Structures are given as C-alpha cells and as structure tokens.
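To find a chain, count down the sequence lines: A is the first, B the second, and so on, and within it residues start at 1. None of the values given here were measured: they were computed from a predicted structure.
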Amino acid sequence: MVHPINKQSLSSGKTTHNRALSLIFHKMAECYRYMGTEERFRATAYENVSRVLANMKEDISEHAGSVEELDEIGGIGESIAEKIIEYLQTGKIKTFEELKKKLPFDLLELMDISGFGPSTLRTLHEKLGINNRDDLVKALQENKLNKLKGFGERKLTNMKRALKMEKSNNRMPLQLAEEEGARLLRLIKSIKAVEKIALAGSLRRKKETVGDIDMVLVAVPRNRKRIVEEIIRVIQPQKILARGTTKLSMIVGDRETQVDIRLVHDYEFGSAMLYFTGSKEHNIRLRTIAKERGMKINEYGIFDVKTGERLAGETEEEMYELLGLNYVSPEKRIDAESVETKD
DNA sequence: GGGCAGCGCAC
DNA sequence: GTGCGC
DNA sequence: GCCC
C-alpha cells in the first residue's frame, strides 16, 4: 500500500525542540492541575502552549531570538518565553525540575488516561499511598479501591479498561476510521426513529489519525431512550462508558474504539456539528469572536448575550454567516488562524 | 485586573 | 454537589 | 499562566 506523505514526518528533523518542549509543558500542566483548582488556569495556559508547539511547523528556535519575539506567538507570554529560552540554552527548565521534586511525579502520567483527573489521583495518593502506575494496577487487583468514596463499580471498570488500553496507542489511521465510521452509520441509520446522523470530530476533519469516532444524531426527545437502546442492540459495544438521553459513549469492536454519540434536536444540528467537529482551537476562536459581537456560541446554537434570544444553529453555514465569517470546511478547521473575517 | 465554557453523566 | 470528559 |  502506498502511504501519503506525512507533513509531520517531513519536518520532524527540524522540530525536535518543539516536541521536547511540548512534552515538558504538558507535564507542567499536569503538575499544576494536580496542585488544585486555584492553579487550573495556569495549567490550561501550559497545556495551550504545549499544543501550539506540537502544531508548529517550524522549529521554535527560529523564533527564540528574544523573549519579545516569542511573545508574539499566540499562547506564549513573557514567563513561558523565558522558559523556552532557558531550555534552549541549558536543556532544562528549573521550575519544572522543582515541580518534579515536590510532587508524586510518576503518578501524574496517569492523568493522560481517561477517567483519571487530579482529584482522583490525589485521593489515590493520599488514602492508599499510590505513587505510580504499578502501584495502582496492584491496588486494583487487590480490590483496595472499592472502599473509597466516589469509586463506584462503573468507574472502576472504566479505569481498568483505560489502564489496559493506554499502553497501545489507540489512534487509528484515517482510512480505517472512515471504514468503521461508515459501518456504524449504516447500522444506526437502520433505526427507524433516527431522523439524521452524521460523523463529526477529527474523522470529519479528516485528520491523519483519529482517536475516537464522534457522531451527531437528530431525534425528538420522546424517541431518544428507545434509540439509545436500539443503538446498543445493533452495535453491541464491548463497554458502555456513559448512557443518557442526550449522550451515549461506548467502546466498540476489536480495536476498542471509543464512539461518542450526541442526540440533538433538528434545529440544533448545525451548532452540534460545528461544536463536535472542532478542532478545539477553532471552537475557542469562534467563541471569542461571538463574544466580541455580543453573542454566545455553544452546541445548542448562537445566542444574543443580552436578550438570550437564539439567533441561529440549524446549519453551520448560517452560523459562520451570522458571525461575519467565511465558511470553513471541516478539513480546514485546524487552528485559530483558520477562522477568517469576511471583508 | 478580570475572564478563562459550561453541560451531561457517574457518583 | 463534585469530578470528569468533552 | 495568557489575553484583552
């Protein structure tokens, strides 16, 4: 089989600093999240920079002539600029080294696993003395978590599954995801009360690898309970992570693919598709623009902040239009810069 | 110096 | 109500 | 932490 040329791999030789720094800032973000809610915005800031670096085409050292130069990059401010320069000059970031000493650092990598947030990890550390992944696996085997408050059966099952799966990188190549997506669409379309269903997320954006499969389903509320039951019946997921009347999250197939389905009204289809297609950066940019215009945007539509009136949401096109933006095709909804104001 | 999204589901 | 993921 |  012929593989398409991968841009990332072409430039990988020049972006080694980006990768290393992206990882460090990701780890620092985890440290701050672990420290508690008062640090959560700091954590977000570090996570943002981590993502910016991961997506950057050229090596960060090309912009690292001065703090001022780095500061021009969105998401990077004075403090992180200094840390980037420190890293390029010394190979280390002192603040990071100190965080490592201060916190149960090996434990924090578990935050990369779905279901493990800061609070959960603090409880595990403080109540059971768990310091790393191995400790946790052992504690789970010995059923030591069962007594803990807030650790119900479903949560434990999900934790065990996530822990097992996390070892293998579960992102699949686009083509495989497209095949699986088409298969699921076919099955769900066979359900009578489903008025409409479409793929969203990174699969719709045609990202080169896809982590999970997102779908938006249109149905009236009175049919939703039955639809969810029917979906489970025809798809026969390996696991159900969460099920309600507006949301279904499950693990499907031998590859253990996570599938998330949102159930919405027909008039919310556009806003739900826009929202769940992402990317995250693109959404944040849209939110900011909406706010500048006195509007608020979410998966249910665009609203006038003052009156609360719903202004749009049936189609994506009308939403971009309302915001005074050119329509952006899903494939191009990559970052904040992919949003263009109309002239 | 204030805002940084806010909602559904598990518990 | 809190934690978590999205 | 960053942005406005």
Novice: If you define the side chain from C-beta out and look only at heavy atoms, does anything of Lys94(A) sit under 4.5 Å from Glu86(A)?
Specialist: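 Yes - at least one pair of side-chain heavy atoms lies under 4.5 Å apart.
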
Novice: Can you see if the side chain of Tyr300(A) gets near the phosphate of dG8(B) - specifically, an N or O under 4.0 Å from OP1 or OP2?
Specialist: yes

Novice: Which residue lies toward the 5' end of DNA chain B, Lys247(A) or Leu156(A), if each is placed at its nearest nucleotide?
Specialist: Lys247(A)

Novice: Below the 4.0 Å mark, does dG5(C) have OP1 or OP2 next to a side-chain nitrogen or oxygen of Ser249(A)?
Specialist: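 Indeed not, no polar side-chain atom of Ser249(A) lies that close.
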
Novice: Looking at dC2(D), I'd like to know if its phosphate oxygens (OP1 or OP2) sit under 4.0 Å from a side-chain N or O belonging to Thr44(A).
Specialist: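 No, because none of the side-chain N or O atoms of Thr44(A) sits under 4.0 Å from OP1 or OP2 of dC2(D).
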
Novice: Can you confirm if the NZ or CZ of Lys196(A) lies within 45° of the ring axis of Phe269(A) and under 6.0 Å from the centre of its six-membered ring?
Specialist: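 Geometry flag: set, cation within 6.0 Å and 45°.
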
Novice: With stacking defined as ring centroids separated by under 5.5 Å and planes differing by under 30°, is Phe41(A) stacked against dC2(D)?
Specialist: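 No.
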
Novice: Can you find a side chain N or O atom of Lys291(A) that sits less than 4.0 Å from OP1 or OP2 on dC4(B)?
Specialist: yes

Novice: For the side chain of Arg154(A), starting at C-beta, report the closest nucleotide among dG3(C), dA10(B), dC3(D).
Specialist: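 Selected nucleotide: dA10(B).
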
Novice: Is it true that the side chains of Asp59(A) and Thr15(A) contain a donor and an acceptor less than 3.5 Å apart?
Specialist: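 There is no such pair (donor and acceptor under 3.5 Å, judged by atom type) between the side chains of Asp59(A) and Thr15(A).
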
Novice: Find the distance Glu281(A):CD to dC6(C):P and express it as a whole number of Å.
Specialist: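 So the two atoms are 15 Å apart, to the nearest Å.
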
Novice: For Ser279(A) and Arg333(A), test the side chains for any donor-to-acceptor distance below 3.5 angstrom and give the result as yes or no.
Specialist: no

Novice: Please determine whether a side-chain nitrogen or oxygen atom of Gln258(A) lies at a distance below 4.0 Å from atom OP1 or OP2 of dG5(C).
Specialist: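 Checking Gln258(A) against dG5(C): no side-chain N or O falls below 4.0 Å of OP1 or OP2.
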
Novice: Separation of Arg243(A) atom CZ from dC9(B) atom P, in whole Å?
Specialist: 11 Å

